[in-house]
Amino acid sequence: MKTAPGIAAIRVALEPDSAFAEAVEGDACRWQGKIFGAHTLDVRLADGTRGYREIVRHHGGAGVVALDGDGRVCLVRQYRVALGRMTLEVPAGKLERGEKGAVCAARELAEETGLRAGRMEPLVTVLGSPGFTDEHTEVFFARDLRQGQARPDSGELVSALWFPLGDVVEAVLEGVIQDGKTASGVLAAKALLDSGR
């Protein structure tokens, strides 16, 4: 991937900086579930003061922007109880311990939609909410699709729908689609295609 000159300055801004570092002096797991754990941290800031942090530890996940030959994106329609409403999202799921993102993405794409990709490349990695969780989602770009039989997990009620990429981008920009991995992935896919790659 070609790096633009301005990217170098962004990389420098993201290098470790002891003036901002927080040293963890205590880490207590308050609750551990199947998907994530809730921790409290006692930290020492660079200026010597102390702080308290509440952190959610998560294995991460992977998602897929699946684009067909007609320029349509496959989105999964489902009910999210945490929000109390329907969402449209790229097919995605959580990583198993030690699992590679591409393996997870291909599995979730097949399970939720029945699709298999002839080509799948890394697109973007999304940090869900870095203020309190280390959750990250690797999003891949899938093309050269073949349709097979969907096999969602037990208790997973989803339906796959197809929309033109431009319409999905518009829905993201208008706030109709709000899911972070979907917004980031779709906008990255559009930028990649617009660049001729």
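Hydrophobic clustering (side-chain heavy atoms under 4.5 Å, transitive across Ile, Leu, Val, Met, Phe, Trp, Tyr) groups Val73 together with Phe141. Under a hydrophobic clustering in which Ile, Leu, Val, Met, Phe, Trp and Tyr are joined whenever their side-chain heavy atoms come within less than 4.5 Å, directly or via other members, Leu192 and Val172 fall into the same cluster. In terms of hydrophobic clustering, with Ile, Leu, Val, Met, Phe, Trp and Tyr side chains grouped at heavy-atom distances under 4.5 Å, Val90 and Leu88 are assigned to a common cluster. Under the 4.5 Å side-chain heavy-atom criterion for Ile, Leu, Val, Met, Phe, Trp and Tyr, Val43 and Phe132 are members of distinct hydrophobic clusters.
Residues Ile55 and Arg30 have side chains not in contact (no heavy-atom distance under 4.5 Å, counting atoms from C-beta outward). Residues Thr182 and Val65 form no side-chain contact, since every pair of their non-hydrogen atoms from C-beta on lies 4.5 Å or further apart. In this structure the side chain of Asp27 reaches within 4.5 angstrom of the side chain of Leu41, judged on heavy atoms. Contact annotation: the side chain of Leu115 never approaches that of Arg146 to less than 4.5 Å [non-hydrogen atoms, C-beta and beyond]. Side-chain contact between Val64 and Leu109 is present, with heavy atoms from C-beta onward closer than 4.5 Å. Within the 4.5 Å cutoff, the side chain of Val139 has no heavy atoms near those of the Thr125 side chain. Using a 4.5 Å heavy-atom threshold, the side chains of Val168 and Phe163 count as touching. In this structure the side chain of Leu95 reaches within 4.5 angstrom of the side chain of Glu138, judged on heavy atoms.
Taking the charged nitrogens against the carboxylate oxygens, Arg80 and Glu89 do have a contact shorter than 4.0 Å, which makes a salt bridge.
Sorted by first and then second residue, the side chain to side chain donor-acceptor pair (under 3.5 Å) pairs with a member in residues 109-120 read Arg119-Asp144; sequence neighbours excluded. Listed by first and then second residue, the ring-ring contact (aromatic ring centres under 6.0 Å, His included) pairs that reach into residues 33-57 are Trp31-Phe36, sequence neighbours excluded. For residues 63-77, the set of pairs meeting the salt bridge (Lys or Arg N to Asp or Glu O under 4.0 Å) definition, not counting sequence neighbours, comprises Asp68-Arg72. Listed by first then second residue, pairs satisfying salt bridge (Lys or Arg N to Asp or Glu O under 4.0 Å) with a partner in residues 183-196 read Lys190-Asp194, not counting sequence neighbours.
For Asp167, the salt bridge (charged side-chain N to carboxylate O under 4.0 Å, His left out) criterion is met by no residue, not counting sequence neighbours. Among residues two or more places apart in sequence or in another chain, the side-chain hydrogen bond (donor to acceptor under 3.5 Å, both in side chains) test is passed with Thr49 by Asp47. Residues passing the side-chain hydrogen bond (donor to acceptor under 3.5 Å, both in side chains) test with Ser159, sequence neighbours excluded: none. Annotation: salt bridge (charged side-chain N to carboxylate O under 4.0 Å, His left out) contacts of Lys94 (sequence neighbours excluded): none. With sequence neighbours left out, the side-chain hydrogen bond (donor to acceptor under 3.5 Å, both in side chains) criterion links Gln178 to Arg85. In this structure Glu22 satisfies the side-chain hydrogen bond (donor to acceptor under 3.5 Å, both in side chains) test together with Arg53, sequence neighbours excluded.
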- Task: Take Leu45 and Arg50 through the test side-chain contact (heavy atoms from CB on, under 4.5 Å) and record every step on the way to the result.
- Result: CA-CA 6 Å; Leu45 284 67; Arg50 299 198 180 280; 5.9 Å; no
- Message: Between Glu121 and Arg143, does the salt bridge (charged side-chain N to carboxylate O under 4.0 Å, His left out) criterion hold? Intermediate values first, please.
- Response: CA-CA 9 Å; Glu121 60 188 296; Arg143 293 185 261 190; 2.5 Å; yes
- Task: Evaluate the side-chain contact (heavy atoms from CB on, under 4.5 Å) criterion for residues Thr87 and Ile177: first the C-alpha distance (whole Å), next the side-chain angles of each, then the deciding distance (0.1 Å), finally the verdict.
- Result: CA-CA 7 Å; Thr87 64; Ile177 292 177; over 6 Å; no
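Taking CG of Leu127 as the start and NE2 of His136 as the end, the distance is 8.5 Å to the nearest 0.5 Å.
Taking every heavy atom of both residues into account, Met120 and Phe140 meet most closely at CG-CB, 3.6 Å. Across all their heavy atoms, Cys74 and Pro91 have their closest contact at O-CD, 3.6 Å. Nearest heavy-atom pair across Val126 and Ser184 is CG2-CB, 3.5 Å. When all heavy atoms are compared, the tightest approach of Lys181 to Ala92 is CE-CB, 3.3 Å. Closest approach of His58 to Asp134, counting heavy atoms only: N-OD1, 2.8 Å. Smallest separation of non-hydrogen atoms from Ala188 and Leu123: CB-CG, 3.9 Å.
By the 4.5 Å side-chain criterion applied to Ile, Leu, Val, Met, Phe, Trp and Tyr, Val81 is assigned to a cluster that also includes Tyr79, Met86.
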I'd like a table of donor-acceptor pairs (distance under 3.5 Å, sequence neighbours excluded) in which one partner is a side-chain atom from residues 98-106, with atom names and distances.
from	atom 1	to	atom 2	distance (Å)
Glu99	OE1	Glu96	N	2.9
Glu99	OE1	Arg107	NH1	3.1
Glu99	OE2	Arg107	NH1	2.3

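The only option from Leu145, Leu193, Val186 that meets the side chain to side chain contact (heavy atoms under 4.5 Å, CB included) definition with Leu67 turns out to be Leu193.
More than 12 heavy-atom neighbours from other residues, nucleotides or ligands sit within 6.0 angstrom of CG on Leu83.
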